[in-house]
Amino acid sequence: GKQMAAHGFKPLRHLTGGQIRTSDYLIAIAYDTSIFTGDPVKLVAGGGIELAAAGNTILGIFQGVSWTASDGEVKFSRYWPGAQSGATNVSALVIDDPYVTYSVFDDGDSDFLTISDVGFSADHVAGSGSTVTGISAVKLDTSSASATAAGFKIIRAVTRPGNDYGTANGSQVEVEVMVNEPFFAHNTAGI
């Protein structure tokens with residue numbers, strides 16, 4: 001398919017029929033990296049969250065944040081804009097349930113996804129989220145798709161007309177994935 005605008009990891013369904021819900025986490029007010037809705041995040045020492053890089057243990061997917069600004073105004077944003085001096089009551093919403101599945105676009109490079117990649121794992125690749133919509137531009141890194149453990153497990157192509165597996169360089173497909181190395185798995189180390 002043609003190149004599509006990324007939306008990061010967008011919740012699709014709960015693998016066991018449960019509810020998709022968020023939990024509240026802190027962001028350090030000095031943390032100066034933007035986090036967009038649909039970005040993978042990690043838990044850090046002290047209980048806060050930060051943007052997760054490929055290879056990190058993933059807590060879940062960011063869904064927005066609220067805080068009280070230094071002038072007392074309560075703000076809600078689909079993205080964390082970076083350091084908020086004097087902010088209090090920072091509350092980030094994260095889908096931290098490892099059984100939620102997500103739709104995500106692959107990065108559409110020369111190593112396109114085919115049906116033989118179903119069941120493989122792949123890491124995510126960073127993008128520049130939109131400060132207008134607050135939506136992530138993170139994509140799935142097709143080059144890392146393999147039987148080796150990585151951040152996300154590929155379940156299937158999202159079912160909709162025109163969403164086909166890749167056939168040529170630059171082909172892009174929207175796939176259903178789940179976090180493959182979640183923080184709340186029973187056998188992972190703590191932070």
Side-chain angles (χ1 to χ4, degrees), residues 5-12 14 18-105 107 121-141 144 149-153 177-191:
H7 54 55
F9 291 91
K10 190 162 133 185
L12 270 185
H14 193 284
Q19 295 292 320
I20 298 174
R21 53 173 62 99
T22 58
S23 297
D24 295 337
Y25 289 91
L26 302 169
I27 301 175
I29 63 170
Y31 183 63
D32 204 15
T33 299
S34 297
I35 311 174
F36 294 89
T37 290
D39 277 348
V41 293
K42 63 182 178 181
L43 194 63
V44 294
I49 60 162
E50 293 181 358
L51 191 63
N56 290 157
T57 297
I58 295 167
L59 170 68
I61 305 298
F62 184 84
Q63 297 292 295
V65 59
S66 62
W67 69 92
T68 304
S70 53
D71 65 1
E73 184 183 351
V74 175
K75 308 216 179 222
F76 179 82
S77 177
R78 293 187 75 162
Y79 74 103
W80 172 254
Q84 296 296 309
S85 179
T88 54
N89 306 318
V90 177
S91 180
L93 302 174
V94 177
I95 300 172
D96 58 7
D97 184 335
Y99 292 102
V100 173
T101 73
Y102 302 90
S103 72
V104 65
F105 285 100
D107 60 0
S121 300
D123 284 322
H124 66 281
V125 59
S128 298
S130 168
T131 57
V132 176
T133 64
I135 302 297
S136 169
V138 166
K139 295 176 184 168
L140 201 65
D141 184 4
S144 71
F152 294 87
K153 182 75 53 75
V177 300
M178 63 189 296
V179 177
N180 187 51
E181 298 172 317
F183 181 73
F184 286 123
H186 297 296
N187 59 350
T188 57
I191 56 170

Atom [atom1] in [X], atom [atom2] in [Y]: separation rounded to 0.5 Å?
X	Y	atom1	atom2	answer
M178	T101	CE	OG1	7.5 Å
I35	R78	CD1	CZ	15.0 Å
I27	S91	CD1	OG	9.0 Å
Y31	L51	OH	CG	5.0 Å
I20	H14	CD1	NE2	7.5 Å
D39	I58	CG	CD1	11.0 Å

Where do [X] and [Y] come nearest, in terms of heavy atoms and distance?
X	Y	value
T57	K42	O-CB, 3.6 Å
H124	A52	NE2-O, 2.9 Å
A137	S128	CB-O, 3.3 Å
A83	A30	CB-O, 3.7 Å

Angle class for the F36/Y79 ring planes (parallel below 30°, perpendicular above 60°, tilted otherwise)? parallel
F152 ring center near Y102 ring center (under 6.0 Å): no
Might you work through the side-chain contact (heavy atoms from CB on, under 4.5 Å) test for S121 and E181, ending with a clear yes or no? CA-CA 10 Å; S121 300; E181 298 172 317; over 6 Å; no
May I ask you to decide if G151's main-chain N or O and D123's side chain share a donor-acceptor pair within less than 3.5 Å? yes
Could you walk me through whether I95 and Q63 pass the side-chain contact (heavy atoms from CB on, under 4.5 Å) check? CA-CA 7 Å; I95 300 172; Q63 297 292 295; 3.7 Å; yes
Kindly determine whether R21 and D97 satisfy side-chain contact (heavy atoms from CB on, under 4.5 Å), including the steps that lead there. CA-CA 8 Å; R21 53 173 62 99; D97 184 335; over 6 Å; no
Going by the side-chain contact (heavy atoms from CB on, under 4.5 Å) test, name the single residue among T37, V90, T33 that passes it with W80. V90
A side-chain contact here means heavy atoms from C-beta on lying under 4.5 Å apart; do [X] and [Y] qualify?
X	Y	result
F184	V179	no
V138	F9	yes
F62	I49	yes
L140	D107	no

Go through D96 and F183 one step at a time and tell me if the side-chain contact (heavy atoms from CB on, under 4.5 Å) criterion holds. CA-CA 8 Å; D96 58 7; F183 181 73; over 6 Å; no
